[in-house]
Amino acid sequence: MVVASLALLFTLIALNLFGVFEFGNMLPQSVLNARAKHPSVDAFLSGVLATAVASPCTAPFMGASLGLAIVWPTAQALAVFAALGLGMAAPYLLASWLPGVAQRLPKPGAWMARFKTVMAFPMLATVVWLVWVVGQQTSMNGAGALLLLLLSLAFAVWCWQQGDTRLARRVWRGVGALTLAVAVWALWQPATQTAPAQMATNASAANDNMLWQAWTPGAVEAHVAQGHTVFVDFSAAWCVTCQVNELTTLASTDVLQAFAQHDVVLLKADWTRRDPAITQALNALGRSGVPTYALYRPNAAPQVLPEVLSNAMVINAVTQR
């Protein structure tokens with residue numbers, strides 16, 4: 001449901017950047033007045049939205065820090081979040097404190113309208129990725145249902161701008177609202193319904209060419225008790241860093257040979273649907289999200305690798321004793 005909602009949001013943003021509609025023209029006058037009267041609240045809510053949208057992309061840089069903050073005492077955890085906030089605000093503070101920095105910024109002009117249109121394409125690329133994630137979570141039918149829902153949303157937004165008279169505008173907006181309502185009623189469930197666990201497991205195994213086994217509670221302990229070294233890939237379909245690591249480092253011939261030579265058992269913990277058991281395993285490692293990579297050996301503490309992997313990093317971790 002969250003991924004489908006984000007796809008709807010990014011589609012709206014793309015349509016706005018393309019100039020199909022303007023948010024200000026669609027908001028009630030009371031909301032516009034409230035934004036003008038309370039600029040601090042408006043800025044705060046804009047920041048909340050930006051943080052929520054960007055949170056899946058923070059793992060390579062802040063995953064370890066957030067994981068530690070969750071298990072640390074309150075004062076230390078607040079210090080971590082305060083440091084993150086200051087870091088995000090640093091460019092704005094620098095421009096406000098040093099006028100020379102602000103003067104070097106590009107001047108307003110026609111290029112801004114062109115840049116606005118260009119930025120719609122990354123938004124659409126994000127929508128493509130989110131639809132793919134929904135397909136991983138549900139099925140091809142779920143991805144198709146979401147695409148039809150997005151098409152209905154685009155049509156409804158276009159209808160909102162049509163009509164030269166008050167009556168014509170009401171008719172067009174009624175058609176758009178009805179189309180969107182029917183689409184939501186008919187397509188929301190197949191677009192957000194979670195696929196059966198067995199189907200997802202089979203699909204994951206097929207994609208990994210049977211080299212990786214599905215992580216289950218107790219699997220690591222069972223393999224370690226038999227004297228095996230275990231490498232666990234805590235991943236999710238919506239995690240871009242996870243996908244890059246899996247398509248590059250974890251799929252490279254050198255890394256796979258190192259796994260085979262040292263008889264390493266490969267387990268993949270799919271956190272796409274926020275499995276509570278996997279969440280517990282992540283917390284035990286001091287992590288709060290993915291990607292997380294852990295190496296388990298008999299009679300040794302788990303070794304957690306960085307979020308961004310390299311061939312040499314993984315091979316060294318596997319070969320060292």
Side-chain angles (χ1 to χ4, degrees), residues 1-127 130 153 156-157 160-161 173 177 180 238 240 288-289:
M1 181 177 294
V2 174
V3 177
S5 300
L6 286 175
L8 293 172
L9 172 62
F10 277 104
T11 300
L12 280 176
I13 295 175
L15 293 174
N16 172 253
L17 294 173
F18 276 130
V20 176
F21 76 100
E22 296 294 337
F23 280 110
N25 296 336
M26 300 184 68
L27 292 176
Q29 190 62 38
S30 58
V31 175
L32 296 177
N33 293 337
R35 292 184 62 183
K37 292 180 180 179
H38 306 284
S40 298
V41 175
D42 183 48
F44 173 77
L45 294 178
S46 298
V48 170
L49 175 61
T51 302
V53 169
S55 59
C57 304
T58 61
F61 309 101
M62 295 190 291
S65 300
L66 295 177
L68 289 174
I70 288 176
V71 299
W72 276 354
T74 302
Q76 295 178 356
L78 289 176
V80 170
F81 288 112
L84 292 175
L86 288 174
M88 296 176 67
Y92 302 96
L93 293 175
L94 184 63
S96 62
W97 287 343
L98 301 177
V101 174
Q103 293 175 0
R104 292 180 179 273
L105 296 176
K107 302 300 181 183
W111 67 269
M112 297 176 65
R114 187 177 297 108
F115 180 76
K116 173 186 174 183
T117 303
V118 169
M119 291 307 297
F121 292 96
M123 299 299 103
L124 291 180
T126 304
V127 173
L130 292 171
L153 174 65
V157 171
W160 193 269
Q161 308 299 314
R173 292 177 181 182
L180 183 59
W238 41 260
V240 176
S288 59

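- Of all heavy-atom pairs between L180 and A156, the closest is CB-CB, 4.0 Å.
- Atom OG1 of T11 sits about 12.5 Å away from atom CG of N16, to the nearest 0.5 Å.
- In this structure, L8 CG and I13 CD1 are separated by 11.5 Å, a value rounded to the nearest 0.5 Å.
- Minimum interatomic distance between Q161 and V20 (heavy atoms only, all atoms of both residues): CG-O, 3.3 Å.
- Closest non-hydrogen pair, A95 versus A102, comes out as O-CB, 3.8 Å.
- The side chain to side chain contact (heavy atoms under 4.5 Å, CB included) check on L78 picks up T74, with sequence neighbours excluded.
- Annotation: ring pair (Phe, Tyr, Trp, His ring centres under 6.0 Å) contacts involving residues 103-123, sequence neighbours excluded, comprise F18-F121.
- Screening residues 108-124 for salt bridge (charged side-chain N to carboxylate O under 4.0 Å, His left out), with sequence neighbours left out, gives E22-K116.
- With sequence neighbours excluded, the residues satisfying side chain to side chain contact (heavy atoms under 4.5 Å, CB included) with T126 are F10, W129, L130.
- Listed by first and then second residue, the side chain to side chain donor-acceptor pair (under 3.5 Å) pairs involving residues 76-100 amount to none (not counting sequence neighbours).
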